[in-house]
Structure formats: C-alpha cells, structure tokens
Number of protein chains: 2
Amino acid sequence: MTRLEEERKRFQDFLRERGLKLTQQRLQILERAVEVDEHFNAEELFELLRSDSHRISKATVYRTLALLVEADLLDTHDFERGHTLYERAAHGTAHHDHLICLGCDRVFEFHSEEIELLQEVVAKRFDFLMVNHTHQIYGVCGRCQRQGVTAEQATGRSRVRSSL
Amino acid sequence: MTRLEEERKRFQDFLRERGLKLTQQRLQILERAVEVDEHFNAEELFELLRSDSHRISKATVYRTLALLVEADLLDTHDFERGHTLYERAAHGTAHHDHLICLGCDRVFEFHSEEIELLQEVVAKRFDFLMVNHTHQIYGVCGRCQRQGVTAEQATGRSRVRSSL
DNA sequence: TTATATGCAAAGGCTTTGCAAATGT
DNA sequence: ACATTTGCAAAGCCTTTGCATATAA
C-alpha cells in the first residue's frame, strides 16, 4: 500500500468512525494537501485546488483541514504570524523540529535524539506527562550569512522575542 | 536601583534615542505590564489599566506593547491560538522555555543548559547563526493527572499538532 | 512651536459560522 | 429519505491604521 493509499484509508476510517461523509471535496483536499512537500497555509492550498480546476470553497478547505489535523494526517505549526501552517504528518517517521531562517524564511527540519530525551527529563522533573512539543530555532542560514545578513538585522525580523 | 527603576530608565533611554516621547500613557503601560507576573495579552493589560482608572485606548496599548518589545522590556510568545502573549523580559536572568498544561492551561518555566547547548550543535550542523528560539512542551501537569486528565483528552485540546 | 502621540472608529487579515441548497450513505 | 456538507456571504477576533486633536520637548 502506498503512502497515499494509507492516508486515504486512514481518512476514510476516521470519517466512517464518526459517521461523517467522504465527499469529493474532502478527497481532493486530502490528496492535494498530502502532495505538497513543504509547509502550506489554507490560502495556498485553496489556490492550488483552484489551479487544479477544483471548485472548492475556502470554507470547505478550512473545515477539511481541521478534520485532517484531527485525523493526524496533517500537523500544524505557527511559525508565521497571523496564520497557521500545515504539513503532512510524519507517521512512523521520526519527529522533527524546525530551524527557520530570518533572512529568507526557509524552514529546515532537524532532529536531535538527545534533545528529545532531555525533554523527557524536564517533563519528569515537573511531574508532567508530556503530550507533544514544539521547538523552533530562529537564525540566519549559511546562504544568507554569505549574502551579508547579520544577526542584528535578523533579530529585527524575528517574530519571536525572547531574551536568550 | 530597583528593577522597576531600571526598566523605566531603559524605556526612557530607548525613547530618547529614537526621538520619541515619554507620555503618561506609555509610562502607565510600562509600569502595569512589568508588574504582571505571568503572561498576559493586550486585551488583559487594557482591562487592568481600565480598572486602575487609567483612560488609555486599546490602540495605544498595542502601540506601546510593540515599543516595549523593541526595547527588550517584554518578550512575546504565541502559546495560545489567535493572540500574542507578553511577559516581562528576563534581563541577565537565564533564558527559559515553557511547559504548558493542557488540562489547566498553566504555564511553567524550565531551563535546561544541556538543551541550550545542543541547540547550538544543531545550528552549527546546519551552518546556521542562531538568533533565538522557542521551545514549548505540552502535557498534563501533576495536579491534572491526579484529577484524572489523560494524555488522550489533553491531546484533543492541544493547539499544536505534531507527531512525536 | 512643532513633531510626535493619542483616541476613535474604520479597515485588515485570517478564520469561523448561519443558512438554504446539494450530496453521500 | 435524511442527516451531513457545501458554498456563499456575513460575522468574529485580534490587530493595525487614518486622521483630527492633544501633548511632550
């Protein structure tokens, strides 16, 4: 079974379980969302669907994205101010976090097993049952550094403001 | 010099440097913002100021919060969907990250020097110049666990959706 | 005096919602 | 047949902005 087939099945099962319907729109949205291989927002997905000449309303896109997140087929992030970003959920695949370049807005994925473990240690120290986490490192990528972007310039563009 | 005096001075210097004015409103907003010892949003600060019978418009609160962030007197976070949270900046104090309880919404601060160092390692691996970062661990606090809140229930309430 | 700030209300950007018509089961 | 969905436009929410008036320097 290909990954897409698995995702389609997962969505079907999810909908059936809840007595919801598998509509054309929902299927088209799932397939397009899962095909994008970077982060996207609702508006972008809506445009992609239109350019595929699918006539789906923005409201339906929003409603379906929420379902896909509930079905664990998409993850959400809030890197950019003002709107939610989505990405295909990584089933079985290792969890990853993000490095975000303040110069060019590119997003890179990283995974550090040591950090993952240390988070468990922190949770234990606080008597917390860890459910999930988000971890973003903001900075300047190599390319932008070479193009002369400095940390100071970048700091001004960071949407996060926290003393390090 | 008390902490508040330092903050007042920092704000004054910041404004002077930029040729901006130290108005009554700005001073009142600074003093109230810095006095709250948890995270707050613009609306909450606005209400606090009103209850102090200060007549300050919401627009001025937003405008001044932006200045306070620029002056490094406040940090911003985006734990909650839909609005920005502010907190007094930790000058000199160690940087901290957050544990957020999905049961009761309380926010706890943690600091892990090991994680801080590992982030540098990650940044280096990607040829990144790290500017800052955010790191939130979502879970169920001890108190909520004892009151029967399970990870599953909590997952449904998480505003972050990322496979671990 | 004069550039900057304030307050108000209106506008913005993203997302959600109410409702009649359409559709999956 | 019937409950669920869709599309549309309107409304919601947080935040920003334009403009006339007020105020700090």
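Values below: every heavy atom of this structure, side chains too, minus hydrogens, waters and symmetry copies. First the proteins, then the strands, lettered A, B, ... as listed; each starts at 1.
An OP1 or OP2 oxygen of C:dT6 is reached within less than 4.0 angstrom by a side-chain nitrogen or oxygen of B:T23. Taking only side-chain nitrogens and oxygens, A:R26 comes nearer than 4.0 Å to OP1 or OP2 of D:dT6. Using a 4.0 Å cut-off, no side-chain N or O of A:Q24 falls inside it from OP1 or OP2 of D:dT6.
Between B:E109 and B:E87, some side-chain heavy-atom pair lies under the 4.5 Å cut-off.
Atom CG in B:D78 sits roughly 16 Å away from atom P in C:dC14 (whole-Å rounding). At whole-Å resolution of the value, CG in A:L27 and C1' in D:dT6 are 16 Å apart. Computed from coordinates, the B:I29 CD1 to C:dT6 P distance equals 7 Å when rounded to whole Å. For the pair A:E17 CD and C:dT25 P, the interatomic distance rounds to 15 Å; values are reported in whole Å. Taking atom CD of residue A:Q28 and atom C1' of nucleotide C:dT23, one finds them 14 Å apart after rounding to whole Å. The distance from atom CD of B:E43 to atom P of D:dT15 is 9 Å, rounded to the nearest whole Å. Atom-to-atom, CG of A:L15 to C1' of D:dA3 comes out at 15 Å; the value is rounded to the nearest Å. Protein atom CD of A:Q12 is 14 Å distant from nucleotide atom P of C:dG24, rounded to whole Å.
Comparing D:dA25, C:dT25, C:dA5 against the side chain of B:L22 picks out D:dA25 as the nearest.
Near DNA chain D, meaning a heavy atom under 4.0 Å from it, residues 57-66 of chain A has A:S57, A:A59, A:T60, A:R63 in order of number.
For B:R16 and B:D13, the salt-bridge test passes: some basic side-chain N is under 4.0 Å from an acidic carboxylate O. Using a cutoff of 4.0 Å between basic side-chain nitrogens and carboxylate oxygens, B:E6 and B:K9 are not scored as salt-bridged. A salt bridge is defined here as a Lys NZ or Arg NE, NH1 or NH2 lying under 4.0 Å from an Asp or Glu carboxylate O, and B:E7 with B:R3 meets this definition.
Projected onto DNA chain D by closest heavy-atom contact, A:I56 and B:Y86 fall at different nucleotides, the more 5' of which corresponds to A:I56. Both A:T84 and B:G19 sit near DNA chain C, but only B:G19 has its closest nucleotide nearer the 5' end. Heavy-atom distances to DNA chain D give each of B:L85 and B:Q25 a nearest nucleotide, and the one nearer the 5′ end belongs to B:L85.
In this structure, A:F14 and A:F11 have parallel ring planes: the angle between them is below the 30° cut-off, well short of the 60° mark. In this pair, A:Y86 and A:F40 present their aromatic rings parallel. The plane angle is below 30°, not in the 30 to 60° band. The aromatic rings of B:F79 and B:H77 lie parallel to each other, with less than 30° between the two planes, well short of the 60° mark.
For B:K21 against C:dT4, a side-chain-to-base donor-acceptor contact under 3.5 Å is present.
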